[in-house]
Amino acid sequence: MRTRTKKYHDVADDLADAQLLEKIAAGNHLALRKFYFLYHRRLQRFLTTVSSDAVMMEEIINDTLLAVWRGAASFRGDSRVSTWVFGVAYRRALKTLQCAANRHAGQLTSVVEDGSAGIDAVATNCERSNWIDTALGQL
């Protein structure tokens with residue numbers, strides 16, 4: 001008997017994901033841990049289409065799963081859990097890439113203007129911008 005490799009989640013997996021998300025919404029850390037291991041590799045493969053920078057991908061994955069932790073209760077079930085998670089990852093990736101582009105532009109401007117890169121200041125501003133965006137999104 002030959003077994004096929006499973007590429008996509010089936011209906012039972014979707015139900016299990018939804019149940020995990022409910023537990024995460026209730027504050028269950030073990031459910032988040034299980035969810036993390038279920039989605040990490042899938043998110044990694046997805047994000048290779050956005051960036052080849054492994055550090056950036058890990059940052060995006062961690063930001064995504066933090067957003068899942070914080071927003072699990074807001075999941076309405078209008079889509080599959082995986083669709084919601086990948087949507088969150090996509091938006092986080094865009095923000096991260098935008099910050100990286102702004103950081104590089106800021107570094108270049110600083111070098112041209114006064115000869116110093118000011119990387120710490122740019123990174124702080126980018127981080128602050130992310131915090132503000134997150135806070136506004138929660139409002």
Side-chain angles (χ1 to χ4, degrees):
M1 176 177 252
R2 192 172 150 198
T3 59
R4 290 187 287 164
T5 313
K6 196 165 154 183
K7 286 188 176 182
Y8 303 100
H9 273 12
D10 60 15
V11 175
D13 291 330
D14 290 337
L15 181 59
D17 288 355
Q19 290 171 341
L20 269 178
L21 203 56
E22 286 177 16
K23 290 177 183 178
I24 291 168
N28 186 321
H29 293 237
L30 293 175
L32 179 64
R33 179 180 168 89
K34 185 172 182 178
F35 197 86
Y36 180 91
F37 287 115
L38 282 172
Y39 275 87
H40 186 273
R41 183 171 293 224
R42 293 172 66 195
L43 287 168
Q44 207 171 30
R45 281 193 307 262
F46 171 70
L47 292 170
T48 58
T49 63
V50 176
S51 173
S52 60
D53 182 342
V55 173
M56 184 182 289
M57 281 194 300
E58 283 303 317
E59 179 182 333
I60 296 166
I61 291 169
N62 289 333
D63 286 349
T64 299
L65 292 167
L66 178 61
V68 166
W69 172 256
R70 291 179 175 165
S74 68
F75 178 71
R76 296 182 308 246
D78 295 339
S79 65
R80 294 171 54 181
V81 172
S82 59
T83 302
W84 178 68
V85 171
F86 283 100
V88 171
Y90 179 74
R91 288 187 297 280
R92 295 289 171 178
L94 290 179
K95 278 186 179 182
T96 301
L97 290 172
Q98 183 179 22
C99 266
N102 290 342
R103 183 170 50 243
H104 292 302
Q107 289 170 354
L108 186 58
T109 301
S110 294
V111 168
V112 170
E113 289 176 353
D114 63 5
S116 67
I119 294 171
D120 290 335
V122 173
T124 301
N125 287 339
C126 184
E127 184 70 24
R128 187 178 304 127
S129 175
N130 281 339
W131 280 89
I132 291 170
D133 287 345
T134 300
L136 289 174
Q138 290 178 353
L139 290 175

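Counting begins at 1 with the first residue of the sequence.
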Between L38 and R42, the two heavy atoms sitting closest are O-CD, 3.7 Å
Is a side-chain donor or acceptor of R33 paired with a backbone partner of H29 at a separation under 3.5 angstrom? no
Cluster link V68 to L15, ILVMFWY, side chain under 4.5 Å: no
Determine the minimum heavy-atom distance between W69 and N28, stating which atoms define it. CZ3-O, 3.7 Å
Rounded to the nearest 0.5 Å, how far does CG of L47 lie from CD1 of I60? 5.5 Å
Atom pair CD (E59) and OG1 (T64), whose distance is rounded to the nearest 0.5 Å: 10.0 Å
Rounding to 0.5 Å, atoms CZ (F75) and CG (D17) come to a distance of 9.0 Å
Could you grab the distance from atom NZ of K23 to atom CG of L21, nearest 0.5 Å is fine? 12.0 Å
L32 to I24 - nearest heavy-atom pair and separation: N-CG1, 3.7 Å
Evaluate the ring planes of F86 and F46, with Trp represented by its six-membered ring, and classify them as parallel (under 30°), tilted (30 to 60°) or perpendicular (over 60°). perpendicular
Gap separating the CG atom of L65 from the OH atom of Y39, nearest 0.5 angstrom: 10.0 Å
Looking at every non-hydrogen atom in both residues, tell me the closest pair between A89 and L43 and how far apart they are. CB-CD2, 3.6 Å
H40 and Y36 aromatic ring geometry - parallel, tilted or perpendicular at 30°/60° bounds: tilted
In terms of hydrophobic clustering (I, L, V, M, F, W, Y; side-chain heavy atoms under 4.5 Å; direct or indirect links), are I61 and F37 co-clustered? yes
To the nearest 0.5 Å, atom OG1 of T96 lies from atom CE of M56 at 7.0 Å
